[in-house]
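Here is the structure we will look at, set down as structure tokens.
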Protein chains: 2
Amino acid sequence: MSQAFIQLAIDCISAEKSLAIVEACKDYVDIIEIGTPCLKVNGASLLEQILAIVGAKPVLVDTKTMDAGFYEVDPFYTLGASICTVLGAAGETTIQGVVSAAQKHGKQSQVDLINCTNKQAIAELACQTGASIIGIHTGIDAQQHGETPFADLQRISSLKLKTMISVAGGINKHTAPRAIELGADIVVVGGAITGADNPRQAARDLYQAIR
Amino acid sequence: MSQAFIQLAIDCISAEKSLAIVEACKDYVDIIEIGTPCLKVNGASLLEQILAIVGAKPVLVDTKTMDAGFYEVDPFYTLGASICTVLGAAGETTIQGVVSAAQKHGKQSQVDLINCTNKQAIAELACQTGASIIGIHTGIDAQQHGETPFADLQRISSLKLKTMISVAGGINKHTAPRAIELGADIVVVGGAITGADNPRQAARDLYQAIR
């Protein structure tokens, strides 16, 4: 099993709880993600607070940008975000805008395939555009219907594109090894850590399961 | 020409500038919209600041929700938002979540058809789900390619659904009357007001053009 990065998705709303989880888990994860609901409630100030805790560790801001690509993410790169995300559903111009903003700052961009009907075409477009990461993502609402990201992960991974692949959607210490075997370069874990009685222990368990 | 509501879209990033524009223009608009880039940078505190200025005037928070429908918008309704938006591209479960959150609070929900390929089907789904408003929306990035919302507006309006119709995408005092003739119940104006040398004058001009 090859090495993969662990991304901790902060999926709560409370800034105080978010910061406590980051502080508790930072030693066992490689990337901190500010989840979309958390971002919209707390704004960019939470990014600054998290950067103050994690120092040089990369922070992904899950902007899920749908329009005004460059304009929307540029402020986050300016503040120190390492990765912003754009929806595959947004279309080419918006994807290009986010990629351009990332490149301007020497940072990375991620195209999120959540709910895209034409995932392969969007993944190939993302790669051509210069995106750094393709996100295979089964959303929280889709997980309610029993959906998982594994089939999409296998399909997109088999394309052997030159972008990294991130996988998100109910990943835990039991399923992360399989995600990595199927080609994930980054495994995103949210509720399995943030919803645990002891988030630090849960992050360490995940770390030990795949390192 | 029937009466339509005027929605002012705050499309800047600066909270200070946003609040100044709201203060200057509030007498001539019916709904204040916190635009998506502005929301992501400033968070929910800007909603509270705007509500303190506009009192009972409705505020739309352009969440453009793509996942975790209920969870993401519930905090904004709790704080006093009158309308939150969900992407048509998000799919049925997420749309239902946003509609449910609105109904829980006795407020309204809007389904944004931006970049949907199957706009008619999504509009009908939105209506069945109980959404209050369908948003016909040509994004800022699509406007760069000369796209306008008028053809979609005409098509969706002709369906005679029982939701209201909002139209956004480069609308100004010259095009607002046409949008209303084509069936818009709400005309959304951003840059034509926020980018004007005198936003208050621009808002008054728009008001006089359609009232």
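The sequence lines fix the lettering, A, B, ..., with proteins before strands; numbering per chain opens at 1.
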In the structure I gave you, are the side-chain heavy atoms of A:Glu72 and B:Lys40 within less than 4.5 Å of one another anywhere? yes
Side chains of B:Thr93 and A:Gln144: closer than 4.5 Å at any heavy-atom pair? yes
Between A:Gly97, A:Gly69, A:Ala90, A:Cys38, which residue shows the highest count of heavy-atom pairs closer than 4.5 Å to chain B? A:Ala90
Who among A:Asp141, A:Thr63, A:Thr36 has the most heavy-atom pairs with chain B under 4.5 Å? A:Asp141
Who wins among B:Pro37, B:Gly35, B:Gly139 for the most heavy-atom pairs under 4.5 Å with chain A? B:Pro37
Residue pair A:Tyr71 / B:Cys12: nearest heavy atoms and the distance that separates them: OH-CA, 3.1 Å
Select one option (side chain, backbone, both, neither) describing which atoms of A:Asp11 are under 4.5 Å from chain B's heavy atoms. backbone
Any side-chain heavy-atom pair from B:Asp67 and A:Ile114 closer than 4.5 angstrom? yes
Flag if over 12 foreign heavy atoms under 6.0 Å of CZ, B:Phe5: no
Pair count under 4.5 Å, heavy atoms only, with chain A: among B:Lys64, B:His137, B:Met66, highest is B:Met66
Please report the closest heavy-atom contact between A:Ile13 and B:Pro75, naming both atoms and the distance. CD1-CG, 4.2 Å
Atom CD of residue position A:Gln201 - does it have more than 12 heavy atoms of other residues, nucleotides or ligands inside 6.0 Å? yes
Options A:Leu87, A:Leu46, A:Val73, A:Asn42, ranked by heavy-atom pairs under 4.5 Å with chain B, top entry: A:Leu87
Side chain, backbone, both or neither: which part of A:Phe76 has a non-hydrogen atom closer than 4.5 Å to chain B? side chain
Chain B contacts, top residue of A:Gly43, A:Ser45, A:Gly91 (heavy-atom pairs, under 4.5 Å): A:Gly43
